[in-house]
Amino acid sequence: MDQHRAINELTQAVGQHNILTDPNELCVYECDGFPIAKGMPLAVVFPESTQHVSQCVKILAAHNLAIVPRGSGTGLAGGSVVYNQGVIICTTRMSQIHKVDIENRVAIVQAGCRNLALTDAIACTGLRFSPDPSSQRASTIGGNVSTNAGGINTLKHGVTSNHILGLEVVLPDGEILQTRTHQCYDGIGPDLPGLLCGSEGILGIITRVWCRLVPDPKAFRTIYAVFKTNHDACKTVADVIACGIVPTSMEMMDGKMIQVVENAFHFGFDTTAGALLLIEVDGVDEILDDEMNQIIAIANENHAMDIEFCADAARRAELWAARKKTFGAIGRISRSYCTMDACVPRSKLPEVIQRVTEIGAKHDLQINNVFHAGDGNIHPILLFDEDDAAQVQRVMQASEEILEYCVTIGGTITGEHGVGVEKLAMMHAMFNKSTLKMFLDLKKAFDPKQMLNDAKLIPSDKLRIDLHQPPGTPAPGSSEHPLTGNFTKNSPGGAL
Amino acid sequence: MNKPQTNPTIVIHNTDELANAVQKARESKTPLVDYGLFHAQLGHQPPVSHTAFTQSGNIIEHYANDFTITASTGITMGQLNEQLMATGQFLPINSDDDLTLGEIINHHVYGPMRIRYGSVRDLLLGLHYMDSFANDIQVGGRTVKNVAGLDVTRLMVGSMGELGILHQATLRTYSLPEEVARIDLELKSLDTLAQQITDWMISPVYPDSIALRRLGDAWHLEVSYFGRSKANDVQVNALKNSLTQIPDIQIIDQRRSTLAEHFKHGQQSRAWQRKSKALMRIIAPPRDLTTVINTLAELGITQLSGMPAQGGLFAGGPLTLAIDEKILKVLNDCGGMRMWITPPPQTPEFSNTPTPIASAFDKIGAPCIAPFAPVQSDWSFMQKIKQTMDPQGLFNPGRFLNGEVAQ
């Protein structure tokens, strides 16, 4: 009954047209880009303003209903999935660009503004908002901030938190908080925007963002190099980094991935190659050839079979389209796959990729690799048959082994996707008890009742989410299994 | 000012000693205080009874091929960069050599090369710090991307040592540039400076560093490039070409140097800040910085150096309470803020109330100035963070955040 009252109050707050309660429509919101985790919300509200968000939060807090913030739902770790009878606050109708200030090089946007919408809006200014996750067509800037999204250009230009100057957030009690001196480059005192970036919606709901704008490079050189082995390609990456060059991006595909992409899209890739590197440098046109030649020399030293380079916009677009279509191509060869996200020191890449291959062989799994090599951010893609429960379990086991290995060599369990619910179990491998307790204490400082996206990012005794469930386990929120997540039949995950 | 207190000063050499010091501070309810060197007078004064401390430091591991370094935070920037430069790398932070890495992080120290390399906020990958229960907390790591857990690494940047005692940091390093090309410009006016900088940044001129200085009656702008000689030539020529259309800006000098020499020049340029009887750090939106600078100049303040691309400024000299009021009015209008690195000696002391809330009068009714002003929207919320991370008020209590000062 209390739930009905809450939904009535929400409807009054945001209007009938801004709330969904029909179970058929709610299905769309039962998962994000990590479809292994699913949970049905009681309702989804679409506030149009910060005041709407504040009102909704106050209503839900008064009724003790769990609150889950969500942007476009392109997250890849289950961070916006509802567990335990909660309501989603979806920011996609808060999409306005309030101001673009060229002299101060800042844009002020509502959290639901799509990344690409801002990019398009400022295209003529010579400036850009640098974070470029592959989901940028769909993902919201609020979501980018919540997950501290990365992307292809982060090697040179940094991740989202490097480009956020200020935030407006609605706290779990409905209070609206603005961080200090928005358009300035820093403030005085602890870096609160820094803490909120990547906090996956557990501390507050981001409603407005002050985005730093940076010069949009006009000149590029794109290098495409193929190698006989993964080791040679990884060594090239490590050597480029070691010689001090900072390319805009260095992306890698292994041999299996090259075949998959070529078979799907016919870009003309050499399907006998063991690995492919796509490297780009940007900046002042006259000096790019020098950098490009240095990179080509390093690739040749590492036995590159073929090297192509271009400054031509059309060919460049084609090469990057090939990179961005890799996940679509995977869907052609496997009904289900699990995309992992770990980050390792760049010098360790050759041995890491070798170890991933060994773990795949040990568990009799096909693993393809396409990843942000320059950042050391690996994305092994584990292919599996969703109807084979034993294989699903092997995938989970292999995933954990890969992550554990990455941690032992100085890596991290997630470079850009976030923890969400996917990596909760691995947090103990990354952090000691004192550190995890400190995270939880900080969460409670913001959210004493732990109503806001609880049990995400930080392991919690209050709500245990177990992804190691066999297919068919009842969904969370159901009477049979109210507090436990399930491992449902899988479908291909989102793009990187 | 309060009378100087006779408090013990300890030197901490390792994590065990640090844990013991924190444990003792807990038991004796005597706060540990480290305000740093350059920032020694920043903020409200320490509690009367406290234990002052410093930390020794060294490089723990340099992952040269990964361009990352792990060091204990007691190491000075001079020591750190000297050792790094011997390997062809460096940490791109403009700071004086005697500042420790811990002070750089605690006070978010940066300089004009932030345009190209970012600040310590962008370079910092991982941190170890001791919490108020003597637990060694480890956040972040040594990879260049990492979104595991809350980003407490960044939260600690600018925290003025109030949330925990940093003892180890991992940072990105960069390759030493072949040379630094510096062009010194003289400006007749600052009125169009913000637009000029944006114009440069979206063109091939794109400077790596822009520093503004007031020299006598003139404004000098130092534009620098860090790179290969040939690349620097291209950008210097682009800058010169752009100047042909701007009669108000003249080239007065141009130099090529090593990065070490460039850093030395930077230190010499900043030397006045330590000698100044009063020093204020100001942050304002880049466009509004001109208004702040012009206001200061009109008030007779000539010791000025700034980072116009970032909106940062240091002002020194005969600063008074009256000048402070006028500057605060400008900052209120534009959304900027200021803090006293060295408070003016002739003005009444700061309010000793450990609160960031600016007040016109102290407890006994005498006029005073707030060390940080104007009050910002998130400062009161930051108290919650302080209470959570340092509930007993053991670390620099009341300097900026209002901790529960140990009795």
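Numbered from 1 within each chain, the chains take letters A, B, ... in sequence-line order. Values reported hereafter were calculated over all heavy atoms of this structure, with side chains retained and with hydrogens, waters and symmetry mates removed.
The two residues Leu150(B) and Ile202(A) have their closest heavy-atom pair at CD2-CD1, 4.2 Å.
Contact of Val159(A) with chain B is made through the side chain alone, with heavy-atom distances under 4.5 Å. For Asn377(A), the part lying under 4.5 angstrom from a heavy atom of chain B is the side chain only. With a 4.5 angstrom heavy-atom cutoff, Arg172(B) touches chain A only via side-chain atoms. Contacts between Phe439(A) and chain B at a heavy-atom distance below 4.5 Å involve backbone atoms as well as side-chain atoms. For Asp199(B), no part lies under 4.5 angstrom from a heavy atom of chain A. Residue contact with chain B, scored on non-hydrogen atoms closer than 4.5 Å, is absent for Val214(A). With a 4.5 angstrom heavy-atom cutoff, Leu203(A) touches chain B only via side-chain atoms. Residue contact with chain B, scored on non-hydrogen atoms closer than 4.5 Å, is absent for Leu349(A). In this structure, chain A has a heavy atom under 4.5 Å from the side chain of Tyr129(B), while its backbone stays farther away.
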### Query
Yes or no on side-chain contact (heavy atoms from CB on, under 4.5 Å) for Leu171(A) and Phe381(B), after CA distance, side-chain angles and deciding distance?
CA-CA 11 Å; Leu171(A) 297 172; Phe381(B) 187 79; 3.7 Å; yes
### Task
Run the numbers on Asn432(A) and Asn135(B) for side-chain contact (heavy atoms from CB on, under 4.5 Å), then give the verdict.
CA-CA 10 Å; Asn432(A) 61 26; Asn135(B) 295 311; over 6 Å; no
### Query
Run the side-chain contact (heavy atoms from CB on, under 4.5 Å) check on Phe133(B) and Lys437(A) step by step: do they pass?
CA-CA 12 Å; Phe133(B) 295 90; Lys437(A) 180 181 178 301; 5.7 Å; no
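In terms of non-hydrogen atom pairs under 4.5 Å with chain B, the most contact-rich of Lys433(A), Met427(A), Gln294(A), Met426(A) is Gln294(A). Contacts with chain B were tallied for Asp341(A), Leu127(A), Asn162(A), Leu155(A); Asn162(A) has the most, counting heavy-atom pairs under 4.5 Å. Highest contact tally toward chain B, considering only Gly410(A), Gly418(A), Ser199(A), is held by Gly410(A) [criterion: heavy-atom pairs under 4.5 Å]. With chain A as the partner, the residue from Lys230(B), His107(B), Arg142(B), Gln89(B) showing the most heavy-atom pairs under 4.5 Å is Arg142(B). Annotation: maximal heavy-atom pairing with chain B below 4.5 Å, among Asp375(A), Val419(A), Asp441(A), occurs at Asp375(A). Each of Met160(B), Gln235(B), Lys384(B), Met201(B) has some count of heavy-atom pairs under 4.5 Å with chain A, and the biggest count is that of Met201(B). Highest contact tally toward chain A, considering only Gln196(B), Met382(B), Met307(B), Met156(B), is held by Met382(B) [criterion: heavy-atom pairs under 4.5 Å]. Note: Pro345(A) leads Gly244(A), Gly194(A), Pro345(A), Gly126(A) in heavy-atom pairs under 4.5 Å with chain B. Taking chain A as the reference chain and counting heavy-atom pairs below 4.5 Å, the highest number among Gly149(B), Ala194(B), Gly141(B) is found for Gly149(B). Here Asn146(B) is the residue among Thr173(B), Asn146(B), Thr388(B), Asp151(B) with the most heavy-atom pairs under 4.5 Å with chain A. Between chain B and the options Asp216(A), Ile245(A), Leu288(A), Leu442(A), the largest number of non-hydrogen pairs under 4.5 Å is found for Leu442(A). Ranked by non-hydrogen atom pairs under 4.5 Å with chain A, the options Ser175(B), Gly312(B), Ser159(B) are led by Ser159(B).
One distance of note links CG of Asp122(B) with NE2 of His163(A); it measures 8.0 Å at 0.5 Å rounding. In this structure, CZ in Arg105(A) is found 10.0 Å from CD1 in Ile202(B), a value given to the nearest 0.5 Å. The CZ atom of Arg154(B) sits 7.5 Å away from the SG atom of Cys197(A) when rounded to the nearest 0.5 Å. Distance check, rounded to the nearest 0.5 Å: CG of Leu124(B) to CG of Asp191(A) gives 10.5 Å. For the atom pair Ile385(B) CD1 and Phe446(A) CZ, the distance stands at 4.0 Å (nearest 0.5 Å). Note that OG of Ser380(B) and CG of Leu177(A) are 7.5 Å apart. Values are rounded to the nearest 0.5 Å.
Not a single donor-acceptor pair under 3.5 Å links the side chain of Asp285(A) to the backbone N or O of Pro204(B). Put simply, the side chain of Arg121(B) gets close to the backbone of Ser161(A): a donor and an acceptor are under 3.5 Å apart. Side chain of Arg228(B) to main chain of Ile287(A): no donor-acceptor pair is present (N/O by atom type, distance under 3.5 Å, no hydrogens or angles). At least one donor-acceptor pair closer than 3.5 Å links the side chain of Thr435(A) to the backbone N or O of Gln138(B).
Other residues, nucleotides and ligands place more than 12 heavy atoms under 6.0 Å from the NZ atom of Lys156(A).
At a cut-off of 3.5 Å, with distance as the only test, no side-chain donor of Ser347(A) or Asn65(B) sits close to an acceptor on the other residue.
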